[in-house]
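For clarity, every value in this text was computed on a predicted model and none was experimentally measured. Here is how names work: the chains are called A, B, and so on, in the same order as the sequence lines, proteins then strands, and each is numbered from 1.
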There are 2 protein chains.
Amino acid sequence: MNPIFHALFQKSRYLTNCLNEVLKQHNLYSSQWTILYCLHNHGPMTLTQIWKYLNVEAPSITRAITRLENLGWVLRVDGEDKREKIVTLSPYAEENFPAIKKTILAFEKEMVGALTDEEQQQFMILLEKMKG
Amino acid sequence: MNPIFHALFQKSRYLTNCLNEVLKQHNLYSSQWTILYCLHNHGPMTLTQIWKYLNVEAPSITRAITRLENLGWVLRVDGEDKREKIVTLSPYAEENFPAIKKTILAFEKEMVGALTDEEQQQFMILLEKMKG
DNA sequence: AGTATTTGTTTAGCTAGGTAAATAAATTAG
DNA sequence: CTAATTTATTTACCTAGCTAAACAAATACT
């Protein structure tokens with residue numbers, strides 16, 4: 001069995017756990033952060049836009065948004081098309097965003113700091129080649 | 001935000017889903033395969049040996065083994081030390097192992113075939129560098 | 001206009017990972 | 001030898017991903 005898969009899955013789990021650990025101070029999970037970051041960059045988005053962008057299935061986003069809404073990070077508003085819900089960052093999220101981003105940047109620097117820019121590019125290229 | 005993490009997490013999810021898809025014909029999930037493979041290589045193992053080897057937490061393995069046991073893939077036997085349970089592959093698992101391994105090898109060839117041996121090595125080295 | 005299909009979201013139910021805490025057996029300390 | 005601590009497993013409960021199917025609103029078809 002090719003050890004690449006094992007190594008890839010392990011590292012992915014490891015990094016997720018580290019990220020969760022670091023985000024605890026902001027009361028966030030890494031996946032929640034991903035959504036906040038997405039909304040911060042793109043502005044208000046429908047659920048469909050979010051799950052297509054993040055490349056996950058719709059139910060995962062429905063649940064994640066429900067939790068983020070309950071925690072006060074996002075607002076869910078009906079769109080003109082009455083089927084769709086539009087999600088926006090709450091003022092609370094906007095206010096706290098810079099501090100969280102700072103945490104994230106420090107984390108990334110720590111985790112990826114050992115790789116040069118070329119290595120990072122190379123890594124992305126190799127990742128890209130792994131598909132069916 | 002460094003796109004490396006997003007790319008890594010996405011690829012990890014993608015490959016897991018592909019592997020699950022391919023293993024459907026054997027009525028297995030990728031994580032279950034990982035455990036069967038582990039047992040096949042090492043012979044009988046305690047739960048602790050398994051979760052330490054696979055680098056996950058104990059409860060994940062307890063649950064996975066319970067399912068594998070119910071499906072008839074493994075047997076759970078008391079050890080001499082009455083605290084520990086020893087897990088072994090069932091005859092059914094031994095019998096089916098070669099066919100599953102064939103499926104896995106084909107999958108790996110398809111997914112990693114675009115990378116040369118040097119690229120695979122390079123990939124592992126870069127992965128290794130990503131830690132705190 | 002009325003029906004059929006598509007689209008956006010949600011619900012239900014599954015595996016996989018995590019932490020915290022319970023339990024039981026083994027080991028160590030006094 | 002009893003009490004305290006450690007070790008192996010399990011239970012309870014959380015997030016995150018998945019598929020399948022339900023539902024309502026919008027669109028397309030005839």
Side-chain angles (χ1 to χ4, degrees), chain A residues 5-6 9-24 27-36 44-71 73-74 76-87, chain B residues 6 9-24 26-36 44-71 73-74 76-87:
Chain A
F5 292 101
H6 194 225
F9 296 154
Q10 291 239 137
K11 193 61 77 175
S12 177
R13 252 195 354 264
Y14 170 72
L15 289 171
T16 302
N17 291 343
C18 290
L19 197 42
N20 281 334
E21 188 58 36
V22 147
L23 283 173
K24 252 184 193 161
N27 277 304
L28 273 176
Y29 285 91
S30 55
S31 299
Q32 298 174 329
W33 156 253
T34 306
I35 294 174
L36 297 188
M45 296 172 86
T46 66
L47 290 177
T48 298
Q49 286 176 315
I50 296 173
W51 65 258
K52 286 196 171 160
Y53 180 77
L54 295 179
N55 206 19
V56 297
E57 299 302 319
S60 305
I61 295 303
T62 293
R63 271 194 309 271
I65 292 297
T66 299
R67 284 192 284 259
L68 285 171
E69 195 181 21
N70 290 337
L71 293 168
W73 292 101
V74 304
R76 218 200 224 115
V77 189
D78 281 4
E80 277 196 25
D81 181 332
K82 285 283 165 30
R83 288 171 303 182
E84 63 190 19
K85 304 286 174 61
I86 295 167
V87 185
Chain B
H6 193 226
F9 295 155
Q10 291 238 137
K11 193 61 75 173
S12 177
R13 251 192 357 259
Y14 170 73
L15 290 171
T16 302
N17 291 343
C18 290
L19 197 42
N20 281 334
E21 188 58 36
V22 147
L23 284 174
K24 253 186 193 160
H26 302 288
N27 276 306
L28 274 176
Y29 285 91
S30 54
S31 298
Q32 299 174 328
W33 156 252
T34 305
I35 294 175
L36 297 188
M45 297 173 85
T46 65
L47 291 177
T48 297
Q49 285 176 317
I50 296 173
W51 66 257
K52 286 196 171 162
Y53 180 78
L54 295 179
N55 206 20
V56 298
E57 299 303 318
S60 305
I61 295 303
T62 293
R63 273 191 310 269
I65 293 296
T66 300
R67 284 192 284 260
L68 284 171
E69 195 181 22
N70 290 337
L71 293 168
W73 292 100
V74 303
R76 219 200 225 111
V77 188
D78 280 4
E80 277 196 25
D81 181 332
K82 287 281 166 30
R83 290 171 302 181
E84 63 190 19
K85 304 287 171 62
I86 296 168
V87 185

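Thr48(A) comes within 4.0 angstrom of the backbone, heavy atoms only, and of no base. In this structure, Thr46(B) reaches the sugar-phosphate backbone alone: every heavy-atom distance under 4.0 Å involves primed, P, OP1 or OP2 atoms, never a base. Using a 4.0 Å heavy-atom cutoff across all strands shown, Glu57(A) reaches at least one base atom of the nucleic acid. Using a 4.0 Å heavy-atom cutoff across all strands shown, Asn20(A) reaches no nucleic acid atom at all.
Side-chain proximity of Tyr29(A) to the nucleotides dA16(D), dA16(C), dT9(D) is greatest for dA16(D).
In this structure, CH2 of Trp51(B) is placed 13 Å from C1' of dT19(C), rounded to the nearest angstrom. Look at NZ on Lys24(A): it is 12 Å from C1' on dC14(D), rounded to the nearest Å. Distance CD1 (Ile61(B)) to P (dT15(C)): 15 Å, rounded to an integer number of Å. Taking atom CG of Leu19(B) as the reference point, atom P of dT15(C) lies 17 Å away to the nearest angstrom. Straight-line distance from the CD atom of Gln32(B) to the P atom of dC14(C): 14 Å, rounded to whole Å. Summarising the geometry, the separation between CD on Glu84(A) and P on dT6(C) is reported as 19 Å, rounded to the nearest angstrom. Atom CZ in Phe9(A) sits about 15 Å away from atom P in dG17(D), given to the nearest Å. What separates CG of Leu23(A) from P of dC14(D) is a distance of 20 Å, to the nearest Å.
Contact of the Met45(A) side chain with the Ile86(A) side chain is not registered, since no non-hydrogen atoms from C-beta on lie closer than 4.5 Å. The shortest side-chain heavy-atom distance between Thr48(A) and Trp51(A) falls under the 4.5 Å cut-off. Side-chain atoms of Leu23(B) and His26(B), non-hydrogen and from C-beta on, do get closer than 4.5 Å to each other. When side chains are defined from C-beta on, Asn27(A) does not count as touching Leu71(A), because their heavy atoms never get closer than 4.5 Å. You'll find the side chain of Ile65(A) reaches within 4.5 Å of the side chain of Ile50(A), heavy atoms only.
OP1 or OP2 of dG18(C) lies within a sub-4.0 Å distance of a side-chain N or O belonging to Ser60(B). Proximity of Ser31(A) to the phosphate of dG17(D): a side-chain N or O atom is located under 4.0 Å from OP1 or OP2. For Lys85(B) and dT10(D), the shortest distance from a side-chain N or O to OP1 or OP2 is below 4.0 Å. Phosphate proximity of dT15(D) to Arg67(A): present, with a side-chain N or O under 4.0 Å from OP1 or OP2.
With sequence neighbours excluded, the residues forming a salt bridge (Lys or Arg N to Asp or Glu O under 4.0 Å) with Arg83(B) are Asp81(B), listed by chain and number.
Atom OH of Tyr14(B) has more than 12 neighbouring heavy atoms from other residues, nucleotides or ligands inside a 6.0 Å radius.
Rotation axes derived from the C1' atoms of the five outermost pairs at either end of the helix from dA1(C)-dT30(D) to dG30(C)-dC1(D) lie 0° apart, to the nearest 10°.
Remark on DNA chain C: of its neighbouring residues Glu21(A) and Thr62(A), the 5'-side contact belongs to Thr62(A), judged by nearest-heavy-atom nucleotide.
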Mind running side chain to side chain contact (heavy atoms under 4.5 Å, CB included) on Val56(B) and Arg13(A) for me, showing each step along the way? CA-CA 9 Å; Val56(B) 298; Arg13(A) 252 195 354 264; 3.2 Å; yes

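What you find for Trp73(B) and Leu36(B) is that their closest heavy atoms are CE3-CD1, 3.6 Å.
Using a 4.0 Å cutoff on non-hydrogen atoms, the parts of residues 76-83 of chain A near DNA chain C are Arg76(A), Arg83(A), ordered by number.
Note that CD of Gln49(B) and CD1 of Ile61(B) are 12.0 Å apart. Values are rounded to the nearest 0.5 Å.
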